[in-house]
Each structure stands twice: as structure tokens, then as C-alpha cells.
Amino acid sequence: MPQSNGPTDDELLAYLRGETTPEQTAHIEKAASTDDGLRAELALMSGLKPALAAASDGPDARTFGWKKLEAEISRTAQVAPVPRQGLWRVAAVLLGALVVGQGAYIALAPSAEAPAYRTVSEDSVAFGLGVGFVATAKIGEVQTLLRETGARIVDGPGSLGIYRLAFETEAARAKARELLQLSPLVDLVAED
């Protein structure tokens with residue numbers, strides 16, 4: 001152990017490795033000539049150096065670790081990352097083109113004189129009736145009556161059990177009103 005005014009362990013190790021300045025070397029040799037403990041410590045330290053160098057208890061892990069790190073770096077450098085932003089941009093462009101194409105088709109498609117669809121409310125407002133069926137009426141009988149009168153159900157049953165029926169024309173509604181009032185399946189016929 002070095003004394004408080006003597007050289008430190010780090011200075012002694014540097015001396016043994018030959019890394020000290022000439023002044024430090026002279027100071028350590030002068031201190032060792034008068035101190036038996038310091039001479040013994042230097043002898044012990046110098047004897048450990050060849051013993052540690054000749055030890056064969058395993059490979060140098062630093063060399064192995066460095067080679068493993070180099071191999072990992074070279075392996076990952078060869079793998080090219082997938083450009084995700086590029087994929088999203090391509091998908092966005094394709095989706096935008098699809099939307100523009102659909103919009104153009106809808107805007108420029110040839111239109112027929114009569115639309116292929118019509119709302120139920122158009123017919124029911126102009127030519128409609130409210131009808132209540134008897135509780136014992138069977139669905140098959142009601143469907144047959146509706147076909148005979150040219151009526152179709154557009155709403156119902158409401159909270160009072162009233163169905164709203166629609167007709168093609170005012171004349172069809174008037175004719176159907178008479179048939180519905182005479183039918184034993186109908187309990188109530190009302191103007192809409």
C-alpha cells in the first residue's frame with residue numbers, strides 16, 4: 001500500500017508499464033530504495049503481469065464482442081428499409097383518382113327522361129289513403145287485396161295500426177277507396 005506521500009497505485013502501474021516520465025521514475029525508485037513495503041508491492045505487481053498475460057481461462061471477450069458488432073453492422077447495412085411514406089402516397093393518389101373518376105361518371109352519365117327511382121313520399125302525398133285492417137286479417141289476404149286495388153304500403157303500421165297506402169293516379173285511388181270500404185278485411189279507410 002502506498003503511503004500518503006508516496007506514489008499511488010496508478011503511478012506504480014504506469015511505472016511497471018514504462019509509461020512514467022523520467023522525473024516520476026526517479027521519484028518512485030528513490031522511494032522504493034528506502035521503503036521495504038513499497039519494494040514488496042512493486043515486486044508483487046511485476047510478478048502478476050506475466051501471470052495475467054499467460055492466463056488461458058477463456059477467449060478475450062473484447063475481440064469477440066467487436067467482431068460480433070462488426071458482423072451485425074454489415075448485416076443490417078445490406079437490408080434496405082421499406083419506404084412506407086411512398087406506399088401511402090401511392091395509395092392516396094390511387095384513391096383520389098378513383099374518387100375523381102366516380103364523380104366524373106356520375107356527373108357525365110347520360111340521364112333518362114324518367115328516373116330509375118322515385119321516392120315513396122311523392123306518390124303517397126298526392127294519391128294516398130290511410131287504412132286500418134281488422135285484427136283477424138291474414139297477411140296473404142291483405143296482399144291479394146292490395147294487388148287487386150293497385151295499392152302499395154308506404155308506411156305503417158302507426159301507433160293506431162293505420163297503414164299508409166300509395167297509388168299511381170288519382171283515379172286508381174278513388175277506385176281503390178270503394179273496394180277497400182267494401183272489403184271485410186278493412187276496418188277503416190281515411191284520406192291521407
Side-chain angles (χ1 to χ4, degrees), residues 10 52 55-192:
D10 291 335
L52 290 174
S56 62
D57 55 345
D60 185 7
R62 291 175 297 174
T63 305
F64 176 71
W66 183 254
K67 287 183 180 181
K68 185 175 178 183
L69 179 62
E70 284 178 335
E72 182 66 23
I73 290 171
S74 66
R75 184 184 67 79
T76 57
Q78 295 172 356
V79 177
V82 176
R84 292 183 180 207
Q85 286 183 342
L87 291 175
W88 284 109
R89 286 182 183 159
V90 169
V93 167
L94 290 176
L95 182 61
L98 178 68
V99 168
V100 169
Q102 285 290 328
Y105 174 76
I106 291 170
L108 301 175
S111 62
E113 289 296 322
Y117 65 90
R118 62 180 172 203
T119 61
V120 173
S121 61
E122 288 176 14
D123 294 337
S124 64
V125 170
F127 314 114
L129 289 175
V131 176
F133 295 101
V134 294
T136 58
K138 295 182 180 166
I139 189 74
E141 296 171 333
V142 170
Q143 286 177 342
T144 303
L145 178 63
L146 292 176
R147 268 194 302 269
E148 290 173 357
T149 59
R152 59 191 164 100
I153 297 175
V154 293
D155 190 21
S159 59
L160 298 175
I162 305 292
Y163 290 87
R164 290 182 64 208
L165 303 180
F167 303 91
E168 293 291 325
T169 63
E170 176 64 34
R173 182 179 74 140
K175 182 179 174 189
R177 181 183 175 99
E178 292 175 18
L179 292 172
L180 291 170
Q181 286 176 336
L182 296 174
S183 173
L185 299 175
V186 177
D187 193 24
L188 169 75
V189 177
E191 290 292 325
D192 209 14

Could you list the donor-acceptor pairs under 3.5 angstrom formed by side chains in residues 136-147, with sequence neighbours left out?
residue	atom	partner	partner atom	Å
E141	OE1	K138	N	3.3
T144	OG1	G140	O	2.9

| field | Contacts of type side chain to side chain contact (heavy atoms under 4.5 Å, CB included), residue A174, not counting sequence neighbours | value | none

Could you tell me the separation between the [atom1] atom of [X] and the [atom2] atom of [Y], rounded to the nearest 0.5 Å?
| X | Y | atom1 | atom2 | result |
| --- | --- | --- | --- | --- |
| L180 | L185 | CG | CG | 9.5 Å |
| T149 | L165 | OG1 | CG | 7.0 Å |
| L188 | Q181 | CG | CD | 9.5 Å |

| query | For the side chain of R152 and the backbone of A166, is there at least one donor-acceptor N/O pair under 3.5 Å apart? | reply | no

| Any pair counted as ring pair (Phe, Tyr, Trp, His ring centres under 6.0 Å), so long as it reaches residues 128-163, sequence neighbours left out | F133-Y163

| Looking only at heavy atoms, what is the nearest atom pair of G150 and F167, with distance? |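 Minimum heavy-atom contact is O-CD2, 3.8 Å.
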
